[in-house]
Amino acid sequence: MTTNPPLLMTRDLLQITDLSATEIAELFALSTRLKANYPAYASTLAQRSLAMLFEKPSLRTRVSFELGFQKLGGGVTFLDHQSSPIGTREPVEDYARNLSRWVDVVAIRCQSHELLTRFAAASSVPVINALSDLHHPCQALADLFTLVETGIPIDQLHLAWIGDGNNVCHSLIETIATLGGRMTVITPTACRPSAEILRTADARACRSGARIVCTDDLAAVAGADALYTDVWVSMGEESLATEKTAMLTPFRVDSALMKRAGSQARFMHCLPAHRGDEVSADVIDSPASIVFDQAENRMHVQNALMLALLRPDIARRSHAPAHATTNP
Ligand code: CP
Ligand code: NVA
């Protein structure tokens with residue numbers, strides 16, 4: 001009997017470039033199967049444990065990881081690090097080595113991406129980035145999965161990012177660079193995405209045929225399939241609030257900007273949103289808004305990821321992901 005290769009070659013998901021285009025496509029296929037038939041996967045993670053270490057607040061990430069893992073039969077422990085950052089009570093490496101003896105996977109939301117890489121290097125179990133200052137890969141996977149569900153072929157997709165070139169923007173850039181399609185990043189010059197992340201993305205884009213363009217010209221929204229924005233002040237950047245608000249106010253997504261994009265344009269946001277700041281209420285609450293689809297899909301793509309990391313026997317690479325069956 002022949003078996004297909006494992007779905008993922010990576011052990012950790014710290015940023016999107018840990019994944020190949022094929023692996024993302026396979027994760028999306030598995031997400032679709034899970035979403036359609038959770039009962040078939042109900043005990044696939046029985047006796048497995050997830051530890052969640054969070055230095056920052058969360059609604060969507062916390063709930064979708066916790067309840068998602070439980071849906072697959074596993075147990076979860078949440079370690080709140082909002083008032084005592086990871087690495088203050090004991091060295092980060094010791095923390096990782098301890099947890100590796102008890103749990104099967106760790107999800108971390110932290111202030112510094114560098115801490116995440118140190119933790120992952122010392123851990124002998126997979127580590128998932130649940131948001132760092134530089135990346136939010138689970139969000140970007142859910143976002144692209146949501147766009148695929150709308151029926152837009154990725155190679156024809158045009159996503160316009162408007163606002164701050166932040167962690168979510170970085171992960172979307174890396175995802176589109178990997179998969180193909182087009183992303184127009186519209187920010188004030190001082191809020192452009194990291195030059196290093198753009199360089200890495202360019203190398204991937206050469207292979208995938210993706211086009212990533214940065215501009216400060218809002219007219220570049222014309223024809224976009226989706227306009228995506230995020231908070232002007234990310235968690236941990238509160239000291240920059242006045243400066244960023246002043247720079248980003250002209251970049252609010254309102255109905256006039258949606259109109260410039262065209263009637264096909266959807267509205268996207270990772271949430272939490274601030275109505276009246278980065279987006280007007282009439283846009284986020286309009287039929288064009290797919291923000292709650294994005295939020296729901298966080299759970300499905302994260303579950304696909306955890307299944308692929310912990311149960312490669314079940315989450316095998318399929319030969320025809322688009323026509324995968326609903327059984328594990
Ligand atoms: N989008 C997102 O990560 O939401 P939370 O901060 O609520 O987890
Ligand atoms: N850029 C935001 C995303 C929140 C999900 C932040 O880091 O606070």
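Read the numbers this way: they start at 1 and go in the same order the structure lists the ligands and their atoms.
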### Message
If you count every heavy atom of other residues, nucleotides or ligands that lies below 6.0 Å from Glu238 atom CD, does the total exceed 12?
### Response
yes

### Task
For Ser194 and Glu196, test the side chains for any donor-to-acceptor distance below 3.5 angstrom and give the result as yes or no.
no

### Message
For residues 188-218, which residue pairs pass the ring-ring contact (aromatic ring centres under 6.0 Å, His included) check, not counting sequence neighbours?
### Response
none

### Query
Given Leu116, which of Val92, Asn129, Leu53 fulfils the side chain to side chain contact (heavy atoms under 4.5 Å, CB included) condition?
Asn129

### Task
Identify whether NZ of Lys or CZ of Arg in Arg62 sits under 6.0 Å from the centre of the six-membered ring of Phe78 and within 45° of that ring's axis.
yes

## Note on the structure
Sorted by chain and residue number, the residues with a non-hydrogen atom under 4.0 Å of ligand 1 are Ser58, Leu59, Arg60, Thr61, Arg109, His136, Gln139, Cys270, Leu271, Arg298

### Task
Considering heavy atoms of the protein only, find what lies nearest to atom 8 (O) of ligand 2 and give residue, atom and distance to 0.1 Å.
Met235 N, 2.8 Å

### Message
Under the salt bridge (charged side-chain N to carboxylate O under 4.0 Å, His left out) definition, can you give me all pairs with a residue in residues 124-145, not counting sequence neighbours?
### Response
none

### Query
Going by atom types alone, do Arg109 and Thr61 pair a side-chain donor with an acceptor below 3.5 Å?
yes

### Query
Which atoms of ligand 2 are found less than 4.0 Å from any heavy atom of Asn167?
1 (N), 2 (C), 6 (C), 7 (O)

### Summary
Under 4.0 Å from one or more heavy atoms of Leu271, ligand 2 contributes atoms 5 (C)

### Query
Which pairs, with at least one residue in residues 154-172 and sequence neighbours excluded, count as a side chain to side chain donor-acceptor pair (under 3.5 Å)?
His158-Thr184, Asp164-Lys244, Asn166-Asp230

### Query
To which protein heavy atom is atom 3 (C) of ligand 2 closest, and what is the distance rounded to 0.1 Å?
Asp230 OD2, 3.5 Å

### Task
Find all atoms of ligand 2 within a distance of less than 4.0 Å from any non-hydrogen atom belonging to Asn166, and give their numbers and elements.
1 (N)

### Task
Provide the number and element of each atom of ligand 2 under 4.0 Å from a heavy atom of Ser234.
1 (N), 2 (C), 6 (C), 7 (O), 8 (O)

### Query
Run the salt bridge (charged side-chain N to carboxylate O under 4.0 Å, His left out) check on Arg97 and Asp94 step by step: do they pass?
CA-CA 5 Å; Arg97 290 181 196 118; Asp94 282 358; 3.1 Å; yes

#### Entry: For Leu131, atoms of ligand 2 separated by under 4.0 Å from a heavy atom
3 (C), 4 (C), 5 (C), 7 (O)

